[in-house]
Amino acid sequence: MSAPLLTVKDLRTYFYPGGGKVARSVDGVSFHINEGETVGIVGESGCGKSVTALSIMRLIRAPGRVEAGSKIEFDGKDLVTLDDDSMRRIRGNRIAMIFQEPMSALNPVFSVGDQIAEVARIHAGASRRDAWKKAVEMLALTGIPAPDQRAKQYPHQLSGGMRQRVLIAMALVMNPALIIADEPTTALDVTIQAQILELLRDVQQKFGTAVLLITHDLGVIAEMTKRVIVMYGGEVVEETSTPDLFTSAHHPYSEGLLHAMPRVGDKRERLNVIPGTVPPPTAWPSGCRFRDRCKYSWERTEHEHPPLYEIGPGHVSRCHLADEPERRKDPHKPLVARRSIDAS
Amino acid sequence: MRNRATVATFFRSRPGMTLAAASLVVIIATAIAAPLLAPYDPVAQPDIVGGNITAPSAAHPLGTDQFSRDVLSRLLFGARVSLLVGIFATVVTVTVGTAYGLAAGYSGGIVDEVMMRLVDAFMSIPRVLLVLALVALWGQMSTTGLILLLGLTGWFQLSRLVRAEVLGARQTDYVASARALGAHDFRIAFRHVLPNVLPPIIVFATIGLGNVIVLEAGLSYLGFGIQPPAPSWGNMIRDGSELMTAAWWVSLFPGLAIVTTVMAVNALGESLRRSLGRSESRA
């Protein structure tokens, strides 16, 4: 097998808000994405999903920084140490990002066609006319009717779903190898959500683009991804194939997320919630970062930071339960290996 | 066709702005057409020996001053000087203030800090004092000198305004998005940030124009601005200031010209402020 398209290794992105505080928003995250693969990152707000995405794009600004020792390999280059000019040529060209808010991610004073054309002008050095033709072509590709008319319109003249299509068109102009989609459907109506996801899947299949999909919506994960990474407290707490997550999640946090999902035909009157909130990144708890909210926590979780235990093929979990499965009160599946693959 | 209709509706729904803009257009047009409209040479002194002051009459609709010069002709030519100085000084102010504020706000950090403390220092000196001190230093002032002097002492507040707006615009998603698409800083600053901070700059420019016209008139009144015999509204008032009771027309008409122009400019600025306000957040 060839090398993965993107390898993130021990990524640590810290923020220094002043007063001697350090927010360890992303704290030792490792994962990889193969060419043409769709990988999901799921987790609550504040778990470090978006900061991970911005770190890959190198869009972290002061007071934040990617710490030395972090490695982000893409196309055989280390994006952490790459010079600014080369990095700029990768953004929007080889890696494109789709933002959460289609309302505000477009510049209100330029027509959407202009904004799509800008990408071709920056990266392909296209002439004004060619860039405009490309913009109309991309709009057509994203299924916007009458694209040559729409291209002349301004963001406020388009609906939320249309704007998200425009953002996707902008991301696709240079046919990137990787698209990072940060909550691409969160701000949209449910019916539009489905259309946008379908569009993303279509273009992904058509162009063989790899997609890193960041979301807190497990429904989106189920629909779009083959492999999923669960993040909590700035760390990867579980990584497995998507079907596996839904049938045999190991980490209590993943379990909690699954149980918090409402289901059709559910007789429960109240939704299940994970008690408490994500602690602030300036003060992660010692030991296991999830222990305050975990129904299984015991003494060991207080001092010993759990490594990533291998649960099965391609399935890892950062939970001591892998070592002491008998502590799980209602084990919903037999637990297999307990060999640690995490050296630290 | 559609655009023309939009423009018509725009003005019809804003009678105040329309009136102000129309007055300005008339004032500027008369200034440009001064050589065609003026009945006499503005500096000619036909009765240099008698020094005859005549009240408004059919021959001299606004009278003559103590050097027997036609006040109407001087008023029309004076408009050219006053508006020219006002407009070009404002252009200088807007260019420098916008560039400075954009640079400070976009750079951020220590650069921003140093640039803004410098502005604070400049702002601690009242503008009139600063201008007078520089005039004293400079001696005789050419029109270009006057434009530069007024333009370069008026941009401090604008630069702070622009900086604040830029700080806000820099945080927007569309700037993050432009960066994520690989746009370089220069492109982001001029293509994505600047157009979005234009409305307050336009408002400031309009109101600033009124201030500069008054300031120029004041300087000329004090004898530091436009030098006689060239007419400017300010030095015309000065010519008549000692004859106020005997020959009211010498000072009154240039005074009215200043008041009308500045009021029109300010009214335009005010209605621009109202309609440009935050209404661009149509999203």
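A, B, ... follow the sequence lines: proteins, then strands. Residue 1 opens every chain.
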Working to the nearest 0.5 angstrom, can you tell me the gap between A/Met170 CE and B/Ser177 OG? 4.5 Å
So which residue, A/Ala171, A/Ala105, A/Ala96, A/Gly92, ends up with the most heavy-atom pairs under 4.5 Å with chain B? A/Ala105
Quick one: of A/His123, A/Glu118, A/Glu101, who has the most non-hydrogen atom pairs under 4.5 Å with chain B? A/Glu118
Hey, are the side chains of A/Pro155 and B/Tyr174 touching, using non-hydrogen atoms and a 4.5 Å cut-off? no
Using the side-chain contact (heavy atoms from CB on, under 4.5 Å) definition, which of the options A/Arg88, A/Arg58, A/Met57, A/Arg91 pairs with B/Arg179? A/Arg91
If you take all heavy atoms of B/Ala176 and A/Leu59, which pair is closest and at what distance? O-CD1, 4.4 Å
Answer yes or no: does atom CZ of B/Phe88 have more than 12 heavy-atom neighbours from other residues, nucleotides or ligands under 6.0 Å? no
Approximate separation, where rounding is to 0.5 Å, of B/His184 NE2 and A/Asp84 CG: 13.0 Å
For the candidates B/Asp173, B/Val175, B/Leu198, which exhibits the highest count of non-hydrogen atom pairs separated by less than 4.5 Å from chain A? B/Asp173
So for A/Tyr154, is it side chain, backbone, both, or neither that comes closer than 4.5 Å to the heavy atoms of chain B? neither
With side chain to side chain contact (heavy atoms under 4.5 Å, CB included) as the test, would you mind laying out the steps for B/Arg191 and A/Asp114 before giving the verdict? CA-CA 11 Å; B/Arg191 219 181 117 83; A/Asp114 263 342; 4.1 Å; yes
Tightest non-hydrogen contact, residues B/Gly182 and A/Ile122, listed as O-CG2, 3.6 Å
Crowding at CE, B/Met123 (>12 non-hydrogen neighbours, <6.0 Å): yes
Would you find more than 12 non-hydrogen atoms of other residues, nucleotides or ligands less than 6.0 Å from A/Gln195 atom CD? yes
Nearest 0.5 angstrom please: A/Leu167 CG to B/Leu181 CG, how far? 8.5 Å
Neighbour count above 12 (heavy atom, 6.0 Å) for B/Arg117 CZ: yes
On a heavy-atom basis, which atom in A/Phe99 and which in B/Ala180 lie closest, and how many Å separate them? CE1-CB, 3.8 Å
